[in-house]
Trainee: 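Please find one structure pasted underneath; my questions will follow.
Lettering follows sequence order; numbering is per chain, from 1. All values derive from a computational prediction rather than experimental measurement.
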Amino acid sequence: MCPLCPQWFKIKNMDYTPRDIEQKWQKHWEENDTYKVSNQSDKPKYYVLDMFPYPSGAGLHVGHPLGYIASDIFARYKRQQGFNVLHPMGYDAFGLPAEEYALQTGIHPAVSTNDNIKRYNEQLRSLGFSFDWSRQVRTCDPKYYKWTQWIFAELFHHYYDYAANKALPITDLIQSFEKEGNTNIKAATTQEETFDAAAWSVMSKSEKEEVLMRYRLAYREVGYVNWCEALGTVLANDQVKDGISERGGHPVVQKAMPQWNLRTTAYAERLLSGLETIDWSSALKTIQRNWIGRSEGAQMFFDVADSDAKIEIYTTRPDTIFGATYMVLAPEHDLVEKLTTEGQRAAIDKYLEYVKSRSERDRMADKQVTGEFTGAYAINPFTNTKIPIWIAEYVLISYGTGAIMAVPSDDERDKTFAEKFGLEIIDVVDKTDYPGATLSDKLGKMINSDFINGMEVPEAISEINKRVEQMGIGTAKVNYKLRDAGFSRQRYWGEPFPIVYDKDGFAEMLPLEELPLELPDTEDFKPGKGGKSPLSRLENWVNSKPSYTRETDTMPAVAGSSWYFLRYMDPHNDEAFASQEAVNYWQDVDLYVGGSEHAVAHLMYARFWHKFLYDKGLVPTQEPFKKLINQGMIQGVIEFIYMKKEKTNGQAHFLCAGLVKRDDLFNEVAKIPIHIDYVQDYGSEKSYLNIKSIKQFIAWRPEYENAIFECSKGIYQNGIFTPNKDATETNLVTHSEVGKMSKSKYNVVNPDLVIDQYGTDCFRMYEMFLGPIETSKPWDVQGISGVSKFLRNFWNLFYQNENFTITDAEPTKDELKILHTCLKKVTEDIERFSFNTCVSAFMVATNELKKLKCNKRAILKPLTIALAPFAPHISEELWSKMEGEGSVVMAQFPQFDESYLVEDSVIYPICINGKKRMEASFSATASKDDIEKIALELDGLEKWIGGKTVRKVIVVPKRMVNIVVA
RNA sequence: GCCCGAGUGGCGGAAUUGGUAGACGCGCUGGAUUCAAAAUCCAGUUCUCGCAAGGGAGUGCGGGUUCGAUUCCCGCCUCGGGUACCA
């Protein structure tokens with residue numbers, strides 16, 4: 001402020017300079033370990049967790065902090081309520097992007113990851129979060145992944161016992177085998193053959209190891225995997241979308257490779273039932289339920305005519321077996337080769353050739369009805385008739401048993417197939433009693449079905465199941481869509497498996513004393529051809545343990561993120577992943593905030609690992625995350641300019657969106673994304689390019705140096721603007737779309753710039769004010785001035801004529817009412833995670849107190865405490881000026897008092913037939929009868945009743961009066 | 001296709017158990033201040049008819065329950081997310 005300026009005296013209030021205040025307090029908090037939390041406390045615990053970020057090279061954009069702000073508000077609120085709050089942050093630092101970046105630039109993933117983390121740390125610090133940074137974890141730190149490796153090894157050393165319904169040591173299983181073989185073992189396994197103790201005792205070491213591998217929770221198996229040649233790695237199902245890799249969009253094929261897997265299917269039932277016990281959104285639970293995909297049905301064997309082969313099928317509709325007129329095997333099914341007759345061999349080979357040529361993508365794109373007859377027949381065990389065996393691509397080898405009994409009358413796909421190939425259709429369910437019911441509803445009455453005729457479907461199902469078991473041809477069975485998790489990656493930047501193979505090729509887990517097995521350093525991280533990991537080229541490392549060779553694959557990124565929340569509880573422990581005291585104190589995560597993109601993979605793996613650790617008695621709860629909130633995405637507007645597909649005189653020709661629309665040229669133009677920094681009125685409907693923008697665009701994209709830019713105002717080319725009339729400026733309207741904020745869309749808005757201009761507190765509150773935390777919305781900086789104004793107004797409540805002035809005068813009834821209305825609203829809304837309405841409540845209170853010129857400590861002190869979770873810096877500054885000592889961070893959150901909210905009188909709307917016509921004030925203590933009596937005698941009421949009869953008067957206390965007339 | 005979720009002013013959104021629809025903010029309009037602008041302050045702002053007083057309509061569309069519906073029920077439409085030949 002300059003005293004020489006004539007206006008200086010007009011600025012009545014002390015300037016609020018957010019950046020100075022914020023930097024001062026951030027430094028103060030850091031120096032004083034304000035947010036450091038101890039594992040020893042008399043206070044009740046509360047654990048608030050964010051999904052830790054992958055430190056990408058692009059840095060944070062305005063979308064990332066949304067969830068962090070929400071969780072920070074809640075953590076601060078809980079802290080002020082007297083909880084010992086664990087609120088940590090760390091980095092999910094292994095993964096493909098760092099490695100891809102390394103391949104492009106030659107910069108080691110460890111180096112770029114470290115740089116990125118540094119940048120993230122700075123950005124997160126500037127947002128004023130109350131993280132206990134001393135507990136920071138990084139999944140790529142050997143001290144951390146020592147325990148990732150250890151848990152993996154423990155999975156290897158355990159199997160899942162269905163009788164005990166938990167994981168048990170594999171040594172227990174070996175004992176059982178020695179005593180009585182596997183006949184009485186009920187376990188999660190792919191072991192089909194039974195054996196007794198004698199058979200076990202004569203097995204070779206290799207046979208025994210093979211059997212055990214079929215029981216272990218971490219096991220190695222040759223299986224079909226999603227192989228992506230371009231990325232040189234195996235991908236999980238959820239990393240493949242429509243047959244191409246989610247990352248990079250490369251083709252993915254099925255390839256047989258030995259892979260390490262986790263037997264997640266063993267926990268299918270518990271992963272499903274556990275959902276009932278946790279407070280997650282129904283949408284998210286549904287996603288997980290669908291992913292687990294439980295279905296009840298029967299597994300059955302069909303005999304094959306003139307053969308000793310048996311075909312095992314799975315069906316959810318055993319009741320329809322009398323309508324099973326043919327069978328279908330998946331083309332990859334083992335029996336195809338054996339069953340195909342000589343006459344059909346050529347046709348079948350041709351069909352198999354065709355199936356091979358069809359990528360997964362083709363199959364998705366056009367679902368053709370195709371198939372071929374094997375020439376063989378099966379016997380329907382209930383009708384004893386011969387039914388033809390076909391192969392068809394609509395039956396998948398990976399689901400159920402890879403074979404079905406086809407019932408064309410009651411299955412949509414079987415029906416189209418039967419119609420196309422002229423196969424018999426027998427109606428077996430009469431659905432006339434259930435009009436509108438779909439096939440999946442399983443409703444109707446059995447017909448043409450011998451001894452179950454007349455039964456309703458559910459009864460028929462249990463009857464057939466009973467009969468199937470009596471006949472010894474199958475059992476009722478629950479099936480899950482959930483697959484075991486492929487856990488091997490042929491990449492460099494991940495956790496090495498703690499595995500060595502002896503000279504006979506048997507896998508052994510390294511003991512804890514030999515962990516961590518550190519990722520060896522190399523400059524050569526290119527993926528090898530044909531699925532060899534880069535580690536396989538480091539021969540010294542591979543052979544560094546005498547008479548052993550090391551596993552050269554690495555773990556996927558989900559490994560480290562499956563248990564990181566436990567490490568925060570005791571992050572520097574070298575003796576255990578966390579001490580039992582720490583785990584027993586912190587228990588589980590009370591509130592988990594993160595994006596819904598992790599709905600399946602991360603949240604499923606983490607629950608699986610947690611349940612395993614629970615079975616081992618290492619964690620006290622079955623579920624890791626009690627309450628989960630999915631924050632929405634902050635989207636960005638992507639700006640495009642239209643370019644004609646055909647060049648004009650050999651030059652690129654850009655067109656105004658207005659012209660494209662006017663002349664309907666949408667088929668003749670392509671959309672070229674343009675950096676949002678060059679667009680005028682960015683984000684608005686009328687966003688456009690002026691001459692300056694075009695020059696910036698050309699500087700960015702020199703290949704368009706001589707391009708033509710045409711809009712209704714004229715044409716710009718080679719630095720010259722040729723107007724149509726007398727225009728001096730272009731107005732080339734861009735095409736705007738809302739989408740993900742991404743570096744590749746050139747629409748990333750960096751929070752640093754916003755913070756520089758408005759301050760962290762303002763940024764935090766504005767992101768909350770934008771709307772409900774769970775909805776996605778485009779970033780729009782327009783409204784931020786309202787929040788900025790609010791913070792200044794709040795600040796100015798404490799200032800009079802440049803002086804900090806606060807009085808100890810008794811507050812009035814009105815002032816107390818404003819305060820407690822606000823406290824009530826804020827308290828209740830924080831509890832239900834409605835942060836946008838909290839901001840609004842603060843605005844209302846501030847506006848009203850401003851009108852009353854209230855600067856009383858009794859009002860402003862509690863209000864400052866309540867504001868602190870949202871805007872911690874301004875609150876701390878005002879607190880220090882007001883109180884002189886302590887920190888607002890630990891100040892007791894003020895309790896609202898309903899008694900201040902009680903009114904002497906209440907204004908009731910008077911409705912006639914439900915429509916508000918008048919208002920009237922009644923004493924708060926007036927009885928219903930009194931109100932009714934007075935209401936009917938109100939002046940002016942007659943106009944609305946208009947001579948009609950009053951039929952009824954409804955009085956809802958403190959709400960409204962409704963007079964019904966007719 | 002199936003399974004979730006959502007549709008409210010010019011815009012973001014509020015209305016927590018069926019009880020005054022549009023809080024709060026942006027934007028816009030008018031006014032004050034200013035040589036002028038920015039900033040600030042005051043007033044107005046769902047649409048529509050009307051100079052006004054006042055009236056009518058109104059929460060995606062159509063129906064229903066109710067004294068009363070943004071809220072509950074039935075049938076559609078649109079958008080977003082998930083999933084996909086799951087036997």
Trainee: Regarding A:V844, tell me which of base, sugar-phosphate or nothing describes its non-hydrogen contacts under 4.0 Å with the strands shown.
Mentor: sugar-phosphate
Trainee: Across all strands, who's sitting opposite B:C41 as a Watson-Crick or G-U wobble pair, both distances under 3.5 Å?
Mentor: B:G31
Trainee: Give the rounded distance in Å between these two atoms: CE of A:M768 and P of B:G13.
Mentor: 14 Å
Trainee: Under 4.0 Å, counting only non-hydrogen atoms across every strand here, what does A:E412 touch: a base, just sugar-phosphate, or nothing?
Mentor: nothing
Trainee: A:Y480 has an atom OH; how far is it from atom P of B:U83, in whole Å?
Mentor: 21 Å
Trainee: Can you measure A:N836 atom CG to B:C11 atom C1' for me and round it to whole angstrom units?
Mentor: 15 Å
Trainee: Suppose you measure atom C1' in B:G64 against the same atom in B:C42; what distance do you get, rounded to whole Å?
Mentor: 49 Å
Trainee: To the nearest Å, give me how far apart NZ (A:K415) and C1' (B:A87) are.
Mentor: 17 Å
Trainee: A:R289 side chain N/O closer than 4.0 Å to the phosphate oxygens (OP1, OP2) of B:U83?
Mentor: no
Trainee: Taking the C1' atom of each, how far is B:G68 from B:G18, in whole Å?
Mentor: 8 Å
Trainee: Classify A:I287 by what it touches in the nucleic acid, base, sugar-phosphate, or nothing, heavy-atom distance under 4.0 Å.
Mentor: sugar-phosphate
Trainee: When the P atoms of B:G1 and B:C47 are compared, how many Å lie between them, rounded to an integer?
Mentor: 38 Å
Trainee: With both distances kept under 3.5 Å, what pairs with B:A87, Watson-Crick or G-U wobble?
Mentor: none
Trainee: For A:N847 and B:C24, give me the distance from atom CG to atom C1', rounded to whole Å.
Mentor: 9 Å
Trainee: Nearest of B:C26, B:C86, B:C4 to any side-chain atom of A:R413?
Mentor: B:C86
Trainee: Side chain of A:T286, heavy atoms from C-beta onward: which of B:C4, B:U16, B:C86 has the nearest atom to it?
Mentor: B:C4
Trainee: Checking base pairs now: Watson-Crick or wobble, both atom distances under 3.5 Å. What partners B:C11?
Mentor: B:G25
Trainee: Rounded to whole angstrom units, what separation is found between the CD1 atom of A:I634 and the C1' atom of B:G12?
Mentor: 11 Å
Trainee: Using atom P in both nucleotides, what's the gap between B:A36 and B:U20 to the nearest angstrom?
Mentor: 47 Å
Trainee: Let's test this: given Watson-Crick or G-U wobble pairing with both distances under 3.5 Å, identify the partner of B:U70.
Mentor: none
Trainee: Is the base of B:G27 syn or anti, if syn means a glycosidic angle within 90° of 0?
Mentor: anti
Trainee: B:C41 phosphate, OP1 or OP2: any side-chain N/O from A:K850 under 4.0 angstrom?
Mentor: yes
Trainee: Taking the side chain of A:P772 as heavy atoms from C-beta outward, which of B:A14, B:G5, B:C41 is closest to it?
Mentor: B:A14
Trainee: Indicate whether any N or O donor in one side chain lies under 3.5 Å from an N or O acceptor in the other, for A:Y394 and A:D414.
Mentor: yes
Trainee: Who is the Watson-Crick or G-U wobble partner of B:G5, with both distances under 3.5 Å?
Mentor: B:C79
Trainee: For A:M960, report the nucleic acid contact type (base, sugar-phosphate, nothing); a contact means any heavy atom under 4.0 Å.
Mentor: base
Trainee: Once you apply a heavy-atom cut-off of 4.0 Å, does A:S776 come out as touching a base, just sugar-phosphate, or nothing?
Mentor: nothing
Trainee: Rounding to an integer number of angstrom, what distance separates B:C28 and B:G10 when you compare their P atoms?
Mentor: 16 Å
Trainee: Would you mind telling me which of B:G19, B:G25, B:A15 lies closest to the side-chain atoms of A:F769?
Mentor: B:G25
Trainee: Just name whichever nucleotide pairs with B:A53, Watson-Crick or G-U, keeping both distances under 3.5 Å, else none.
Mentor: none
Trainee: Looking only at the side chain of A:Y399 (C-beta and beyond, no hydrogens), which of the listed nucleotides B:C85, B:C86, B:G27 gets closest?
Mentor: B:C86
Trainee: Kindly say if A:K952 contacts the phosphate of B:C67, meaning a side-chain N or O under 4.0 Å from OP1 or OP2.
Mentor: yes
Trainee: Would a distance-only check, ignoring hydrogens and angles, find a side-chain to backbone donor-acceptor pair under 3.5 Å from A:R483 to A:K481?
Mentor: yes
Trainee: Could you walk me through whether A:F417 and A:Y326 pass the ring-ring contact (aromatic ring centres under 6.0 Å, His included) check?
Mentor: CA-CA 10 Å; A:F417 192 83; A:Y326 66 102; 5.7 Å; yes
Trainee: Both conditions, 6.0 Å and 45 degrees, for the charged tip of A:R607 above the ring of A:W291: are they met here?
Mentor: no
Trainee: What heavy-atom pair brings A:I321 and A:P381 nearest, and what distance separates the two atoms?
Mentor: CD1-CG, 4.2 Å
Trainee: When you compare B:A37 with B:A15, how far apart are their P atoms, in angstrom units rounded to a whole number?
Mentor: 40 Å
Trainee: Mind calculating the distance between CZ (A:R959) and P (B:G18) to the nearest angstrom?
Mentor: 11 Å
Trainee: Ignoring hydrogens and geometry beyond distance, is a side-chain donor-acceptor pair present between A:T370 and A:E393 at under 3.5 Å?
Mentor: yes
Trainee: Quantified in whole Å, what is the P atom distance between nucleotide B:G60 and nucleotide B:A14?
Mentor: 14 Å
Trainee: Heavy atoms only, 4.0 Å cut-off, all strands: where does A:R294 land among base, sugar-phosphate and nothing?
Mentor: nothing
Trainee: Nearest to the side chain of A:M843 - B:G19, B:C24, B:C85?
Mentor: B:C24
Trainee: Tell me: CG of A:D410 to C1' of B:A87, nearest whole Å?
Mentor: 13 Å
Trainee: P atom, B:U46 versus B:U29: distance in rounded Å?
Mentor: 16 Å
Trainee: With a non-hydrogen cut-off below 4.0 angstrom, is A:K825 in contact with a base, only sugar-phosphate, or nothing?
Mentor: base
Trainee: Between A:K789 and B:C26, is there a contact of a side-chain N or O with OP1 or OP2 at under 4.0 Å?
Mentor: yes
Trainee: Would you say the side-chain atoms of A:T320 and A:D410 include a donor-acceptor pair closer than 3.5 Å?
Mentor: no
Trainee: Which part of the nucleic acid, if any, lies within contact of A:P778, taking any heavy atom under 4.0 Å across all strands shown: a base, the sugar-phosphate backbone alone, or nothing?
Mentor: nothing
Trainee: Do we see a donor-acceptor contact under 3.5 Å between the side chains of A:T265 and A:Y480?
Mentor: no
